[in-house]
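This structure is a prediction, so every number in the text was calculated from the model and none was measured.
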Amino acid sequence: MTRPIITRLLPAPSRPLDDEDLLTLFAADDRGAPHVRANAVTSVDGSASVDGLSGGLGGPADLLVFDLLRRLCDVVVVGAGTVRSEGYGPMRLHDADVAWRRAHGLPDHPVLAIVSASLALDPAASMFADAPVRPLVITSDEAPRQARVGLEEVADVVTCGAHRVDPRLLVTALVARGLPRIHSEGGPSLLADLVEADLVDEICVTTSPTLVAGSGPRIVAGSGPGAARGMRLDHLLESEGTLLARYTRRR
């Protein structure tokens, strides 16, 4: 695949950006400090999927940034529904990403952490069987015991709440495991929980030059009205009509 050409629109137009330029733009100021980043893609009319899949919106530039954001993090957190619908495999990075992480003193691969209340996950799935790093499954006390026993064979199952997964306990548990750079890839319900708990330090949003119509989901989909969270636009990139924005929390 030909590498997409990405340029910066804000804070100022620039030459095409290479991987190191992009990594600099998305790098955290303090690697050791707890930090929650989310990543999402949306159509220009606000849909987070096409035919139920976010991959229908993401083009080459979105995929490139998607991979680079994984390169920078300690743990990728994703809801079980998104794991199932998007067909997640093992959290195995490309060779170039592994080489970069080694050069920067990081483990070869980030940890995959799956958030699931029901534990409706297949222990024989490749995301467990072929994982380069033992995954985490985040759940609550009310999760089915039999399913938990099966998953404990292939993952570390962590309880973060009595009746449902508490996002604050989730972040605390990951930081306690030495995984402070937390990267959430969704889905909408998990991101809503993180937003409502005011835990999102930044969100990277790709806007696809696509109209979807219909009743597709938003990138954040909670069960009720939530409080507004002020964000600051740090940069805006463009590649063949696709916009890639990074927003950080104004606290």
Side-chain angles (χ1 to χ4, degrees), residues 1-10 16-17 22 25-26 36-70 73 76-89 91 112 114-118 120 127 167 183-196 199-249:
M1 182 182 71
T2 302
R3 188 187 184 282
I5 296 174
I6 299 177
T7 57
R8 187 173 67 217
L9 298 181
L10 294 173
L17 304 174
L22 292 170
L25 283 172
F26 287 104
V36 178
R37 167 188 276 157
N39 186 37
V41 61
T42 180
S43 67
V44 293
D45 57 339
S47 177
S49 68
V50 176
D51 296 328
L53 297 175
S54 62
L57 294 171
D62 177 67
L63 181 59
L64 174 60
V65 171
F66 182 90
D67 288 341
L68 293 178
L69 293 180
R70 283 186 169 185
C73 73
V76 174
V77 182
V78 61
T82 296
V83 164
R84 290 187 290 267
S85 65
E86 300 286 348
Y88 268 60
M91 187 56 57
L112 174 62
I114 306 161
V115 179
S116 177
S118 67
M127 64 181 171
H183 180 56
S184 173
E185 294 178 354
S189 296
L190 173 60
L191 186 49
D193 287 344
L194 293 169
V195 171
E196 289 169 5
L199 292 170
V200 176
D201 297 299
E202 71 170 90
I203 183 167
C204 301
V205 181
T206 296
T207 302
S208 169
T210 306
L211 287 171
V212 175
S215 57
R218 296 174 52 202
I219 61 173
V220 180
S223 57
R229 310 295 186 193
M231 307 294 288
R232 179 185 66 239
L233 177 63
D234 280 4
H235 65 239
L236 179 63
L237 315 178
E238 187 273 338
S239 178
E240 298 183 344
T242 295
L243 299 179
L244 303 108
R246 181 192 187 196
Y247 296 91
T248 52
R249 179 79 170 96

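- S49 and P217 get closest at one heavy-atom pair: OG-CD, 3.3 Å.
- In this structure, the side chain of T248 does not engage the main chain of E202 through any donor-acceptor pair within 3.5 Å.
- Across every non-hydrogen atom of G216 and S47, the tightest pair is CA-OG, 3.6 Å.
- Rounded to the nearest 0.5 angstrom, L190 CG and I114 CD1 are separated by 12.0 Å.
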Full working for side chain to side chain contact (heavy atoms under 4.5 Å, CB included) between N39 and H183
CA-CA 8 Å; N39 186 37; H183 180 56; 3.4 Å; yes
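- In terms of heavy atoms, A245 sits closest to L233 at CB-CD1, 3.9 Å.
- Between V44 and T207, the closest side-chain pair of non-hydrogen atoms falls below 4.5 Å.
- Nearest heavy atoms, V41 versus G58: CG2-N, 4.3 Å.
- Between S43 and V212 the shortest heavy-atom distance is CB-CG2, 3.6 Å.
- Under a cut-off of 6.0 angstrom, the local environment of CZ in R249 is crowded, with over 12 non-hydrogen atoms contributed by other residues, nucleotides or ligands.
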Evaluate side chain to side chain contact (heavy atoms under 4.5 Å, CB included) for L191 paired with V200, printing each intermediate quantity in order.
CA-CA 8 Å; L191 186 49; V200 176; 4.1 Å; yes
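- Contact of the L10 side chain with the H235 side chain is not registered, since no non-hydrogen atoms from C-beta on lie closer than 4.5 Å.
- The CG atom of D234 sits 10.0 Å away from atom CZ of F26, with the distance rounded to the nearest 0.5 Å.
- A distance of 8.5 Å separates CG in L112 from CD in E185, rounded to the nearest 0.5 Å.
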Working note: L194 + S184, criterion side chain to side chain contact (heavy atoms under 4.5 Å, CB included); need CA distance, chi angles, decisive distance, verdict.
CA-CA 9 Å; L194 293 169; S184 173; 3.9 Å; yes
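- At least one donor-acceptor pair under 3.5 Å links the side chain of R229 to the backbone N or O of V195.
- Here the options are L9, T206, L237, the test is side-chain contact (heavy atoms from CB on, under 4.5 Å), and the partner is L243; only L9 passes.
- Contact annotation: the side chain of R37 approaches that of C204 to within less than 4.5 Å [non-hydrogen atoms, C-beta and beyond].
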Walk me through it: do I219 and I203 pass the test side chain to side chain contact (heavy atoms under 4.5 Å, CB included)?
CA-CA 11 Å; I219 61 173; I203 183 167; 4.2 Å; yes
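- A donor-acceptor pair under 3.5 Å is absent between the side-chain atoms of D45 and the main chain of L211, judged by distance alone.
- The nearest pair of heavy atoms linking M127 to G89 is CB-O, 3.4 Å.
- Atom CG of L64 sits about 5.0 Å away from atom CD1 of I6, to the nearest 0.5 Å.
- Looking at R8, its side chain never comes within 3.5 Å of a backbone N or O of L25 through a donor-acceptor pair.
- With values rounded to the nearest 0.5 angstrom, L244 atom CG is found 8.0 Å from L236 atom CG.
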